[in-house]
Novice: 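Below are the structure tokens for one structure; questions will follow.
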Amino acid sequence: QLQKDLEEIKELLLKTTRKRLRDVLMTEKYRIELEIKNQPPPKPKDVAEEEKSTLGGYTVKINNYGWDQSDKFIKLYISLKEVHKLPADNVQVNFTERSFDLLVKNLNGKNYTMTFNNLLKPISVEGSSRKIKTDMVLVMCRKKQEEKWDCLTQVEKESKEKEKAAYDTSDPSEGLMNLLKKMYAEGDDEMKRTINKAWVESREKQSKGDTPMDI
């Protein structure tokens, strides 16, 4: 899906002549390329099929968690009732330098997953681990460098920077453009289509001699 989004953005860039809209598209292009680059490599088909065959029930995506950090570790706390009663092998975490995947198999008839891509900074795969506590899984990502992280992911950092830029400018039109870029970068397909439609209408008005909407 990300690859399809990237190809569509590349096509739009070839058609775009407006500098500001090109900036919006380039921002989204960079974000998607970064996300694709930091995705964990696909597992071999036989391994994936074997894992799939061992899963029972249906899979639930984990969205709620807490996190903390020390000088050496990023720590994520995932609450799952009775997870400590499972065999240890049912709680699996796959680490890469900039991501991790958590899979909890067959917990009260359900499977639970959590995926973190584009971690803010590199982690040590060998030094990272998971611990099972009462009603909780603790994922410990070992920092490669002992430094404070402002957030968990690169995308989160970029989002905060764009939001700050959108409201921290002396030029109102520049602030509006920054906000538009943020909306496009974080928007769904419908939002992107709306912005693209506004640009097309602007070009049509300009060709007729009307005052275009400057986006």
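Residues: numbered from 1 along the sequence shown. Note: hydrogens, waters and symmetry copies are ignored here, and every other heavy atom, side chains too, is used.
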Novice: C141 and side-chain contact (heavy atoms from CB on, under 4.5 Å): which partner among F95, F73, W67, W149?
Specialist: F95
Novice: Show, in sequence, the C-alpha distance, side-chain angles and deciding distance for K143 and K121, and conclude whether the side chain to side chain contact (heavy atoms under 4.5 Å, CB included) test is met.
Specialist: CA-CA 8 Å; K143 298 176 180 177; K121 298 178 185 294; over 6 Å; no
Novice: So, for S99 and L119, which heavy atoms are closest and what is the spacing to 0.1 Å?
Specialist: N-CD1, 3.7 Å
Novice: I need the minimum non-hydrogen distance between D135 and H84, along with the two atoms involved.
Specialist: N-ND1, 3.0 Å
Novice: If hydrophobic clusters are built from ILVMFWY residues whose side chains come within less than 4.5 Å, do V125 and V139 share one?
Specialist: yes
Novice: Work out which heavy atom in I62 is nearest to a heavy atom in M114; give both atom names and the distance.
Specialist: CG2-CE, 3.5 Å
Novice: Between I123 and I74, is the side chain to side chain contact (heavy atoms under 4.5 Å, CB included) condition met? List the steps.
Specialist: CA-CA 9 Å; I123 62 173; I74 291 291; 5.9 Å; no
Novice: Below 30° counts as parallel, above 60° as perpendicular, anything between as tilted: where do the rings of F116 and F100 land?
Specialist: parallel
Novice: Any chain of hydrophobic side-chain contacts (each under 4.5 Å) joining Y65 to V93?
Specialist: yes
Novice: At what distance, to the nearest 0.5 angstrom, does CD of Q69 lie from CG of L76?
Specialist: 10.5 Å
Novice: Can V60 be reached from V91 by stepping across I, L, V, M, F, W or Y side chains whose heavy atoms are under 4.5 Å apart?
Specialist: yes
Novice: Hey, is the main chain of R142 close enough, under 3.5 Å, to the side chain of S128 for a donor-acceptor pair?
Specialist: yes
Novice: Between E33 and K29, is the closest basic N to carboxylate O distance under 4.0 Å?
Specialist: yes
Novice: Which heavy atom in N90 sits nearest to a heavy atom in N106, and how many Å separate them?
Specialist: ND2-CB, 4.2 Å
Novice: Test side chain to side chain contact (heavy atoms under 4.5 Å, CB included) on E8 and K4; report intermediate values, then the result.
Specialist: CA-CA 6 Å; E8 186 171 336; K4 289 181 180 179; over 6 Å; no
Novice: Knowing that exactly one of I78, N94, T115, T113 qualifies, which makes a side-chain contact (heavy atoms from CB on, under 4.5 Å) with L102?
Specialist: I78
Novice: Side-chain heavy atoms nearer than 4.5 Å, only ILVMFWY residues, links allowed to pass through others: does that put L34 and V24 together?
Specialist: no
Novice: Which heavy atom of S70 sits nearest a heavy atom of K75, and at what distance?
Specialist: OG-CE, 4.1 Å
Novice: Determine whether L107 and L86 satisfy the following criterion, side chain to side chain contact (heavy atoms under 4.5 Å, CB included), listing intermediate values before the conclusion.
Specialist: CA-CA 7 Å; L107 176 58; L86 289 175; 3.9 Å; yes
Novice: Would E28 and R31 pass as an ion pair if we require N to O under 4.0 Å?
Specialist: yes
Novice: Listed by chain and number, what are the side chain to side chain donor-acceptor pair (under 3.5 Å) partners of R193, not counting sequence neighbours?
Specialist: E190
Novice: Could you grab the distance from atom NZ of K10 to atom CE of M26, nearest 0.5 Å is fine?
Specialist: 10.0 Å
Novice: Give the minimum heavy-atom separation between R130 and A88, together with the two atoms involved.
Specialist: NH2-O, 3.0 Å
